[in-house]
Amino acid sequence: MAQDARPQVVLVTGVSRFLGAQIAANLAARPDVHQVIGLDPFPPSTDADLSGVEVVQADLRSAEEIIVDLGVRAVAHLAVISSPDQGRGGRAAMKEQNVIGTMQLLAACQQAPSLRRLVVRSSTAAYGASFRDPAVFTEDTEPREIPRGGYARDILDIEGYVRGFRRRRPDVAATVLRFAPFIGPAAETALLRYLARPAVPTVFGRDPRLQFIHVDDALALIERSVMEDHAGTFNVAGPGTLMLSQAVRRAGRVALPILEPGLTLAAAAGRGIISQDQIDLFVYGRVVDISRLVAEFGFTPRSTPAAFDDFVRTHAAGASLTPQRLAAAEKSFLETIQRVRREVRS
Amino acid sequence: MTEEISGDVWDRRVASGLAFLRRRLSGAYEVDEFGFDAELTEGVVHPLLRVLQRDWFRTEIFGGKHIPADGGGLIVGNHSGTVAMDATMLALACHDESDGNRHMRLLGADFVFKLPVLSELARKSGVTLACTPDAERLLSSGELVGVFPEGFKGVGKPFRDRYKLQRFGRGGFVSAALRTGAPIIPAAIVGAEEIYPLIGNIKPLARVLGAPYFPVTPTFPWLGPLGLVPLPSKWLIEFGEPIPTEDMRDQADDPMVVFNLADQVRETIQAMLHALLERRPDPFSQ
């Protein structure tokens, strides 16, 4: 990697959220990056440290001026929202930002001769959900059906735009990272809030296979994709699998199986309890092959069970069936049985 | 004295049972990427099936030595019995009779994964969807894969066609074995045909339920839930000599080679079935 290939001016979208803010701050702290611009239609949250970042609060259409005027060399597009936020306009605003926002940003990128690198946040939701799916998705697996969930449909649109961009700008190294759901002590997603409930509603008769990616590993991979050429589409997930029932048990929570139509009704009612995307995940599960990622980056993210344990440690409150309590119950049970048997025999 | 010793045995059994429960309740077990839960399969599913296999069906198993002790292998069986109980029995036979107690990973029809409860049980006991990516992934990671190329044509065939192998589909299983260089192990199952003799098929009802067929047996649906009890036929299971595919890797896309090999496997299983049937003149013998 030659030194001059490093992008000195970087544009990061989605700095009002955790992932974008972290990446922007990490890049700004690097001595080999001169300027980081954070673009987001919403103001950054107050607890984010964006001191070295020039924050521009505007919609993604204004990216064109920024890229051309400042000679941006790399764009990290992280303004992709995985679940509707009722305080920010719900699903309509989410789709607007995901689909229209990406379209505008890529249109701007296409016009920028200085651009060398594009990194786009995508999701393993790109594979859809169907009972005819293979157990493990590789990057070449095509979705069997148009997904029902809004986020999954947005992801397919976003990746479609990136394909078009790649055709028109083959000189730009475009990296698409298909992330499994994020997890970690600091991560805040709808799925994690759901799993942190004392009782977790699940789909009756289904026990999906889940994978997670630790946020720290996701951050490291995004940063490397900005700083080095890694053109292509990559699955990003922690190796290994947890069943939903197993995850709920490891978190010391109690599963609450509900018939699928009941959950679908809850999703249709809105209110942000559960989304259709999440029901699809809870019915069919999702496991991806990460050998392409490991070969390209020479890096294996921490495993799904290990990443989940990290989450469990910081969410101990609300747990009812903790390993300690179970072990204590086991011990007292065993002792009672032994005592009763001794007494019966004597 | 004897009471002392038996007391220790029971103490140990209670302790290991409780430890198993605690591991299950705290999620402290491992599941592979296909959702296969080895601990649950060995600890709960196999003991239940073993009672059925040994005491109810009085199964005799031959040729366990033909199952490879390590590396991938494709076990191909004949399918019958209205519900796919033969698949679970073959998997148990493979586990109990093979060197190193190897698990057979079955390939199941897509409707298995459509249904709640069944899909969950299937994945946990090591079944995955019958599709090329899954078959090749399992074989190339050195697993034993069990497949029934007849599919519904085999399970749902009328009783009068018992022990007549049906058509073998497109031979996708042969391509998967060739591409991964895994040996093909033919397997013959005698006994499953008689557990639910299929004497009729109510097609309109099947269509309404979205099922491949709606079975009518001498006991189902007449006796209600009692009709679900399988008849206690005598079972014989045989694993045949492996057919090596190592030096045919580059021919996986040649349809002639694939068809011929599929035919060879089919004829081998049919011959094994005839030989086993001669050993068992009475389907309900001891």
Side-chain angles (χ1 to χ4, degrees), chain A residues 130-138 140-141 144 203-211 237 239-254 257 259-260 283-285 287-289 304-305 308 312 321-331 333-334 337-338 341-342 344-345, chain B residues 3-4 6-37 39-40 105 107-124 126-138 140-141:
Chain A
S130 150
F131 62 93
R132 292 198 184 88
D133 284 333
V136 181
F137 297 108
T138 64
D140 304 319
T141 316
R144 296 256 164 179
V203 181
F204 171 79
R206 303 281 186 178
D207 199 3
R209 295 159 298 135
L210 304 181
Q211 273 185 325
T241 311
L242 283 179
M243 308 299 275
L244 175 59
S245 65
Q246 196 183 7
V248 168
R249 288 169 188 173
R250 285 195 179 194
R253 265 61 176 184
V254 179
L259 288 174
E260 193 183 338
V283 170
Y284 300 106
V287 172
V288 297
D289 178 283
T304 287
F308 193 78
V312 170
L321 290 174
T322 59
Q324 295 79 15
R325 283 183 201 166
L326 283 169
E330 180 194 4
K331 193 157 168 276
F333 232 80
L334 196 59
I337 290 174
Q338 282 170 346
R341 293 189 70 236
R342 260 200 312 278
V344 168
R345 249 181 304 175
Chain B
E3 213 179 292
E4 275 297 321
S6 78
D8 286 348
V9 167
W10 279 102
D11 276 352
R12 252 180 283 130
R13 281 186 188 165
V14 170
S16 81
L18 283 174
F20 178 81
L21 259 178
R22 177 188 32 84
R23 281 199 305 279
R24 299 306 302 182
L25 285 176
S26 57
Y29 47 89
E30 279 184 25
V31 172
D32 81 358
E33 59 185 3
F34 292 87
F36 173 51
D37 189 333
E39 192 189 58
L40 188 75
R105 312 294 296 270
L107 301 182
D110 55 7
F111 94 98
V112 169
F113 298 97
K114 194 177 176 183
L115 302 175
V117 184
L118 186 61
S119 61
E120 180 182 342
L121 281 176
R123 279 233 173 267
K124 285 186 177 169
V127 185
T128 192
L129 181 74
C131 62
T132 316
D134 283 12
E136 290 183 7
R137 196 174 178 87
L138 281 167
S140 53
S141 57

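To find a chain, count down the sequence lines: A is the first, B the second, and so on, and within it residues start at 1.
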Assess the residue pair A/Phe131 and B/Val112 against the criterion (side-chain contact (heavy atoms from CB on, under 4.5 Å)); give the C-alpha distance rounded to whole Å, side-chain angles, the decisive distance to 0.1 Å, and a yes or no.
CA-CA 9 Å; A/Phe131 62 93; B/Val112 169; over 6 Å; no
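Chain B forms the most heavy-atom pairs under 4.5 Å with one residue out of A/Glu260, A/Arg249, A/Gln211, and that residue is A/Arg249. Ranking B/Leu115, B/Leu118, B/Thr128 against chain A, the residue ahead of the rest is B/Leu115, based on heavy-atom pairs under 4.5 Å. Ranked by heavy-atom pairs shorter than 4.5 Å toward chain A, the options B/Gly27, B/Gly17, B/Cys131 are led by B/Gly27. Among B/Val117, B/Val14, B/Leu121, B/Asp37, the residue with the largest count of heavy-atom pairs under 4.5 Å with chain A is B/Val117.
Distance check: A/Glu330 CD to B/Leu18 CG gives 5.5 Å after rounding to the nearest 0.5 Å. Here the straight-line distance linking atom CD of B/Glu120 with atom CG of A/Asp207 works out to 4.5 Å at 0.5 Å rounding. Summarising the geometry, atom NZ belonging to B/Lys124 is positioned 5.0 Å from atom CE belonging to A/Met243; distances are rounded to the nearest 0.5 Å. B/Asp11 contributes atom CG, which lies 7.0 Å from atom CG of A/Leu334 (distance to the nearest 0.5 angstrom). Put simply, CD on A/Gln246 and CZ on B/Arg24 are 7.5 Å apart, with the number rounded to the nearest 0.5 Å. To the nearest 0.5 Å, atom CD of residue A/Gln338 and atom CH2 of residue B/Trp10 are 14.5 Å apart.
Contact of A/Val287 with chain B is made through the side chain alone, with heavy-atom distances under 4.5 Å. Contacts of B/Asp32 with chain A are made by backbone atoms alone, with heavy-atom separations under 4.5 Å and no side-chain atom involved. Proximity to chain B (any heavy atom under 4.5 Å) is restricted, for A/Ile337, to the side chain, taken from C-beta onward. With a threshold of 4.5 angstrom between heavy atoms, B/Leu25 approaches chain A through its backbone and through its side chain. Using a 4.5 Å cut-off between heavy atoms, B/Leu21 makes no contact with chain A at all. Of the two parts of A/Ala247, neither the backbone nor the side chain holds a non-hydrogen atom closer than 4.5 Å to a non-hydrogen atom of chain B. Only the backbone of B/Ala28 has a heavy atom closer than 4.5 Å to any heavy atom of chain A.
The shortest non-hydrogen separation linking A/Tyr284 to B/Phe113 is CE2-O, 4.5 Å. The minimum heavy-atom distance linking A/Arg206 with B/Ser119 is given by the pair NH1-OG, 3.0 Å. Shortest non-hydrogen contact noted between B/Phe34 and A/Ala135 is CD2-CB, 3.4 Å.
Heavy-atom contacts from other residues, nucleotides or ligands closer than 6.0 Å to OH of B/Tyr29 number more than 12.
Side-chain atoms of B/Asp110 never come within 3.5 Å of backbone atoms of A/Arg132 as a donor-acceptor pair (strictly under, hydrogens ignored).
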